[in-house]
Engineer: 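I'd like to ask some things about the structure below.
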Amino acid sequence: VTLYLLLACAPLVIAALPPRPVGRPFVVELGIALGFIGLGQIALQFGLIARSEKVTRPFGIDLVMQYHRQMGTLAIALVIAHAVVASAARPSILADLVPSRGGAGPFAGLVSIVALAWLRISSGRRKQLGLRYESWRLLHLLLSVVGLAAALVHVLATGIYAAIAWKRAVLIAYSCACVLPVVWLRLVLPARLKRRPYVVADVRAEAGSTWSVALTPEGHPGLRFAPGQFAWLRIGGSPWSLEEHPFSFSSSADRAGRIEFAVKELGDFTGRIGSVRPGTRAWVDGPHGSFSIDFVQDADSTLFVAGGIGIAPVMSILRTLYDRRDRRSHVLVYGCTTREGASFGEEIEEMKRVLDLQVVIVPMRPPEGWPGPSGHVTRELLAPLAFESGAPRTAFVCGPDGMMSSVEESLRACGLPPGKIHMERFQLV
Amino acid sequence: MPMRYTRVGRTSYVVTAALLGVAIAFAAWRRPAETIPSPPADAGRGFEGGEGFRISCASCHPDPVPLGRTWAFPGGGRAVAALLIAGEARLKSEGVERTVRRHPTFEDLSDDRLAAIVGYVAGLSAPGERPEPATPADFAALRGR
């Protein structure tokens with residue numbers, strides 16, 4: 001947070017260095033400060049979304065994305081506040097928004113505000129606006145670049161604070177440096193992925209409208225991942241395509257080469273996954289995420305709570321533990337729509353022969369005469385399972401957003417310390 | 001909001017408060033207005049034609065360069081600001097006529113300060129108000145000979 005604050009304030013610090021104009025009113029200077037901080041905030045958002053492991057590993061990519069959403073909103077609010085305060089202090093500048101009168105500077109500021117406002121609206125109302133995920137990603141990228149570039153032009157062309165050559169050079173360098181991570185993500189990384197292609201080896205149907213997609217590396221040894229992590233997957237097309245989706249590895253992390261993902265039919269892309277033919281090229285950007293039993297030091301006993309396709313990372317963990325002949329005590333609570341729709345049911349039962357694994361299936365619509373729990377995963381259900389001989393189990397929770405919130409609250413209410421609850425949300429947009 | 005996000009929310013509030021605090025500190029730390037300096041005696045003689053020759057305002061204020069020009073005076077360097085304090089004008093500079101807008105230096109000055117500057121400039125005697133020396137005798141008289 002301290003580093004983020006320092007970087008966010010960097011443009012204002014540059015502006016504050018001498019020479020500095022004299023005798024300007026407080027309100028005008030406040031408006032200027034909001035603008036410079038807004039510029040820094042916009043620029044830093046590019047770094048937050050660049051999937052850097054150093055940024056995402058300590059917190060989890062979902063928290064970083066949530067922080068990006070909040071800081072992005074703050075950036076837009078600061079830029080709008082800058083415009084409002086500046087206009088209130090000097091109403092005459094509104095007339096300068098006409099390019100023929102005010103030149104490029106004020107107009108660029110207006111372009112930046114419009115681009116950033118539309119970016120925020122299209123992100124918050126994507127589904128209401130009928131934007132496909134891929135279209136939204138492209139729009140988001142374009143609007144953010146336009147918003148930053150226009151803001152920089154505005155600062156350089158309008159502000160007396162950027163009238164000095166070295167300050168202009170530093171501000172340009174700062175903005176370019178902040179954009180570099182996205183240039184790396186969108187241009188350099190795909191070029192590297194192109195040299196490490198995968199081929200679809202197998203696409204097989206599982207229960208519950210779920211498909212297991214197996215990939216094998218082509219001409220390279222493949223990647224190593226920790227069980228529970230995920231990757232951004234492109235199937236077919238180009239590695240530079242924006243049509244990529246995050247999927248959890250579902251295969252064992254201890255088996256080199258072939259990797260598998262579990263994909264549930266939920267949207268445009270996943271709805272077509274069953275028709276992908278073996279031999280199709282694929283590119284895998286990963287591994288990402290901090291949701292893994294391998295990253296937890298004190299997981300003496302575990303409680304896995306999976307809902308729907310949230311079983312995918314849990315399967316990766318269980319399969320890895322199976323390969324390792326793990327002897328710790330594990331409990332799996334698996335919420336599913338119907339008993340028949342529970343994916344990997346037979347394999348999980350088979351694992352019980354090797355692992356100390358208790359499985360609790362919780363169907364939302366149980367069959368006639370179902371002997372076990374059904375409906376939602378409740379606090380009452382979790383309370384007796386959350387502890388092993390009085391010690392709190394380490395909980396790993398993955399599933400739909402609503403279920404994860406509910407389970408998190410229930411586990412806290414059961415007395416599980418926050419540090420014992422691990423989760424990563426995949427509703428990144 | 002999910003409980004997991006509450007920590008992010010708290011962090012965001014802290015960051016927002018810190019950034020706003022920095023912005024307010026920046027604005028409060030502004031440099032105070034300086035007293036408009038009176039022109040040095042030697043420069044004033046030149047402005048007012050005291051030596052009997054005409055001098056253009058643009059000699060010292062050539063065009064609205066960002067931070068003005070600094071001229072060497074016996075008492076040290078003196079920076080001058082661009083003259084255009086409001087609106088825009090067609091000015092000829094270095095043989096090229098172009099439209100020049102008022103410089104940002106003047107954008108944020110209060111009306112009182114702008115009026116003071118204009119009053120100061122208006123208070124200077126324009127070269128044209130002096131009798132134009134037309135003959136060698138006029139120059140000799142002006143030189144006390």
Side-chain angles (χ1 to χ4, degrees), chain A residues 1 4-5 8-9 12-13 15-16 18-34 36-37 40-41 59-60 62-64 66-67 69-71 73-74 77-78 81 89-90 92-93 96 101-103 158-161 163-164 401 404-405 408-409 412 418 421 423-425, chain B residues 1-37 64-68 70 77 79 81-82 85-88 98-114 116-117:
Chain A
V1 171
Y4 184 90
L5 277 172
C9 292
L12 186 62
V13 171
R20 195 179 164 187
V22 301
R24 290 150 65 95
F26 174 83
V27 177
V28 171
E29 293 293 84
L30 180 63
I32 296 289
L34 292 173
F36 274 105
I37 289 179
Q41 282 279 82
F59 312 105
D62 59 334
L63 291 193
V64 174
Q66 176 68 4
Y67 188 63
R69 279 189 283 270
Q70 294 180 351
M71 289 296 101
T73 302
L74 173 63
L78 285 169
R90 285 186 278 123
S92 62
I93 64 170
D96 288 345
R101 178 184 167 84
T158 306
I160 189 171
Y161 279 101
I164 308 299
D401 262 10
M404 290 178 75
S405 298
E408 183 184 15
E409 282 186 40
R412 294 260 193 112
I421 305 171
M423 50 175 58
E424 205 159 35
R425 293 170 187 271
Chain B
M1 176 182 287
M3 294 174 77
R4 179 167 163 74
Y5 287 169
T6 55
R7 194 164 53 116
V8 182
R10 280 197 295 270
T11 305
S12 298
Y13 286 134
V14 170
V15 170
T16 303
L19 291 178
L20 290 178
V22 169
I24 291 170
F26 174 89
W29 180 53
R30 69 196 189 283
R31 291 175 60 194
E34 294 171 349
T35 306
I36 299 172
V65 290
L67 288 182
T70 301
I85 63 175
E88 61 184 39
R98 54 187 171 151
T99 299
V100 178
R101 299 180 62 244
R102 53 101 171 84
H103 189 270
T105 301
F106 297 103
E107 285 179 6
D108 305 316
L109 295 182
S110 66
D111 293 343
D112 288 345
R113 281 186 58 76
L114 284 176
I117 291 172

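Every chain is numbered from 1 and lettered A, B, ... according to where its sequence line falls, protein lines coming before strand lines.
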Engineer: Quick check: closest heavy atoms across B:Ala28 and A:Phe26, and the distance to 0.1 Å?
Structural biologist: N-CE1, 3.7 Å

Engineer: Can you name the residues that form a side-chain contact (heavy atoms from CB on, under 4.5 Å) with A:Ala15, not counting sequence neighbours?
Structural biologist: A:Phe36, A:Tyr161

Engineer: Can you tell me which portion of A:Leu30 sits under 4.5 Å from chain B's heavy atoms? Options are side chain, backbone, both or neither.
Structural biologist: both

Engineer: With a 4.5 Å cut-off on heavy-atom pairs, point out which of A:Val13, A:Leu34, A:Leu12, A:Leu74 contacts chain B the most.
Structural biologist: A:Leu12

Engineer: Highest number of heavy-atom pairs under 4.5 Å with chain A: which of B:Val14, B:Val22, B:Leu20?
Structural biologist: B:Val22

Engineer: What are the two closest non-hydrogen atoms of B:Leu19 and A:Ala8, and how far apart are they?
Structural biologist: CD2-CB, 4.0 Å

Engineer: By side chain to side chain donor-acceptor pair (under 3.5 Å), which residues pair with A:Thr73, not counting sequence neighbours?
Structural biologist: A:Arg120

Engineer: Flag the pair A:Ile37 / B:Phe26 as yes when at least one side-chain heavy-atom distance between them is below 4.5 Å, and no otherwise.
Structural biologist: no

Engineer: Measure the spacing between OG1 of B:Thr11 and CE of A:Met71 and express it to the nearest 0.5 Å.
Structural biologist: 8.5 Å

